[in-house]
Amino acid sequence: MTTENSAQSNTPAAKRLDVVIVGAGFGGMYAVYKFRQMGLNFQAFELGGDVGGVWYWNRYPGARCDLMSVDYSYGFSEEIQQEWTWSEQFAAQPEILAYANFVADRLDLRKHFKFNTRVESAIWNEEKRLWEVTTDKGERFEATYCVMATGPLSVPKDPEIPGIEKFKGRLLRAQKWPHEPISFEGKRVGLIGTGSTGIQIVQEVGRQAGELFVFQRTPSFTLPMRNNKLTPEYVAEVKRNYKGIREAARNSPNGGVRPVITRPFFSVMEHQRKQILEDTWNQGGLAFLGAFSDLMQNEEANEAVADFVRSKIEEVVNDKETAEALKPRGYPIFARRPCLDTEYYETYNLPTVHLVNCLKEQIVEITEKGVRTESREIELDILIFATGYDALTGALRAFNVVGRNGLKIQDYWKEGPQSFLGLMMEGFPNLFTTAGANGPSALANLITINEHDVDWIAGVIEHMKKNDLATVEPKKSAVKRWMDIVHALATRTLVSKAKTWWTGTNVQGKPHGLTMFTGGFNKYREHCTAAADNGYVDFSFEPREERKAA
Ligand code: NAP
């Protein structure tokens, strides 16, 4: 349905919709599919040129998902999971992007998106009880509902180092990587950032570049991925059992299939502990992470495991000073997101790869020629930023989202993000977020979360349709109760004890604190299910009729 809302010649008429969807990552793509099934009238937008979200942008060498590919994929469509075949246990970015494209083609999703389009504002019109949405193309839309599938990691962050604009070499950002191949051969390359992204770049570019200088401030703990090709037998077995695999994922803390260990660290003898650590280390992937049940609660256990990893670094890295600098200290292991690598530490044994320890030799500025530290200027042809994101809240705060009574999202989230279930905010009626900042978000499989969240949103919309309701928003008491749960759980985990994007400490001026739900995806799902099954008592609804009569 299209209605003409503006008679003025200069202002384009607003197109009337049921739903506006922002984002063409896995959340936005599934929302498009779901809402089409429901017969809704919607339009989706994406700043990038195509589907894939973070996998569209992150084309840097070595980009790979460290969740298993059979887990990190949609479970809603039997056709998709039977027709698509993963080649590796941990898929690389080109394969994940190909998967997103396959889904978009197979389900004919692309036609519902306006690509290369930035949504600039979403403003609640109280009188019409609609979201007024504008884009950078000058288009206007009016929608009953807004679904922000903008992702937790979509606003890249440059380092706060002076002189970036002076650099005369080639500056590359991992999160906005060029589409054409880049040659590092014979080049002097600098890399700032050693989180998951930086680690993946080091192990790839370190083997290609003439010389690689890795500027490391905080070392990360990283575990061996031990990736492997999937055999046809394994694939066939997975395809036969997808139903069970998805069900297990939906009932697991991390939204994927991984054994849940109930064994506390000190419940077994020291030699057994060592053996378990060795075994899970050799097994690779995320096995090590799940070796014991209490590593995020028991500091002594955590430190012992951290020591084990430090001893592995020492075994691999030949140069003693480099090995020492690579050993993370001063924060609990797994309190920064653990990385999975393929011979990351081995890369530092190459004579062409140099670690610059920024804790001892701080970066002072970026110059025309390269990077100046406190003790030298390092000349570079290429400089790569792998310096992370304004995560969790950055995407929504980046545009003009204004709810009831002129309430801006920036003000509502001044002290940090708040919401009910990470899905809805008081004062922002009919606006939903998927994989929101107060859900399990980055702590679980984002495809599983996105599917769940879209299904939950669809349930609310169905409920409103059935009961002829015009608006929905969570009650203040519900938001408070949820945030009390989130904050209480946050105090019980060592995750709060590291400076990371998880706690907002990587961005200057951002409120600090762990605002994600740390109780696990399965518990989160229980809370969301209960919020619907109890008749949505934690929400305020406005009936359609009431306003008509007024
Ligand atoms: P990140 O974890 O936030 O790491 C950013 C890095 O940049 C840190 O090492 C940080 O050091 C460094 N940095 C920032 N400003 C700096 C400065 N001025 N000087 C020196 N160093 C500076 O970001 P990311 O590596 O992009 O990862 C973000 C998230 O994306 C991951 O946690 C993960 O969830 C996701 N990801 C996943 C995969 C995967 O599945 N394998 C791969 C890549 C990314 P400090 O810590 O000292 O600030």
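No hydrogens, no waters, no symmetry mates; every other heavy atom, side chains included, goes into these values. Count residues from 1 along the sequence. Bear in mind that the values here come from a model prediction, so they are computed numbers and not experimental data.
Taking a cutoff of 4.0 Å between a charged side-chain nitrogen and a carboxylate oxygen, Asp390 and Lys157 do not qualify as a salt bridge. The pair Glu83-Arg106 meets the salt-bridge criterion, since a charged nitrogen lies less than 4.0 angstrom from a carboxylate oxygen. Between Asp294 and Arg263 there is no salt bridge, since no side-chain N of the basic residue sits under 4.0 Å from a carboxylate O of the acidic one. One finds a salt bridge joining Glu473 and Arg404 here, because a Lys/Arg side-chain nitrogen approaches an Asp/Glu carboxylate oxygen to under 4.0 Å. Salt-bridge check for Asp66 with Arg337: passed, with a basic side-chain N closer than 4.0 Å to an acidic carboxylate O. Between Glu132 and Arg140 there is no salt bridge, since no side-chain nitrogen of the basic residue lies less than 4.0 Å from a carboxylate oxygen of the acidic one. Salt bridge status for Arg64 with Glu88: present, with a side-chain N to carboxylate O gap under 4.0 Å. A salt bridge between Lys475 and Glu426 is absent, with no side-chain N of the basic residue lying under 4.0 Å from a carboxylate O of the acidic one.
Side-chain atoms of Ser73 and Arg246 include a donor-acceptor pair closer than 3.5 Å.
The CG atom of Asn41 lies 6.5 Å from the NZ atom of Lys15; values are rounded to the nearest 0.5 Å. Cys146 SG to Phe428 CZ: the interatomic distance, rounded to the nearest 0.5 Å, is 11.5 Å. The CG atom of Asp18 lies 9.5 Å from the CZ atom of Phe42; values are rounded to the nearest 0.5 Å.
Ring geometry for Phe288 against Phe334 counts as perpendicular: the plane angle is over 60°, on a 0 to 90° scale with 30° as the lower cut. Using a 30° and 60° split on the angle between ring planes, Tyr72 and Trp55 fall in the perpendicular class, above 60°. The aromatic rings of Tyr74 and Tyr30 are tilted relative to each other, their planes meeting at an angle between 30° and 60°. Classification of the Phe141-Phe45 ring pair by plane angle, with boundaries at 30° and 60°, yields perpendicular. Between Phe26 and Tyr99, the ring-plane angle classifies as tilted under the 30° and 60° cut-offs. By the 30° and 60° cut-offs, the orientation of the rings of Tyr536 relative to Trp456 is perpendicular.
Within a 6.0 Å sphere centred on NZ of Lys476, heavy atoms belonging to other residues, nucleotides or ligands number 12 at most. Counting non-hydrogen atoms of other residues, nucleotides and ligands closer than 6.0 Å to NZ of Lys137 gives a total above 12. Counting heavy atoms of neighbouring residues, nucleotides and ligands inside a 6.0 Å radius, atom NZ of Lys239 exceeds 12 of them.
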Assess whether ring-ring contact (aromatic ring centres under 6.0 Å, His included) is satisfied between Phe521 and His452, documenting all intermediate values.
CA-CA 10 Å; Phe521 173 74; His452 164 272; 5.7 Å; yes
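Cation-pi geometry between Arg173 and Phe385 is not met: the NZ or CZ atom fails to fall both under 6.0 Å from the ring centre and inside 45° of the normal. In this structure, Arg59 forms a cation-pi arrangement with Tyr56, its terminal cationic atom sitting closer than 6.0 Å to the ring centre and no more than 45° off the ring axis.
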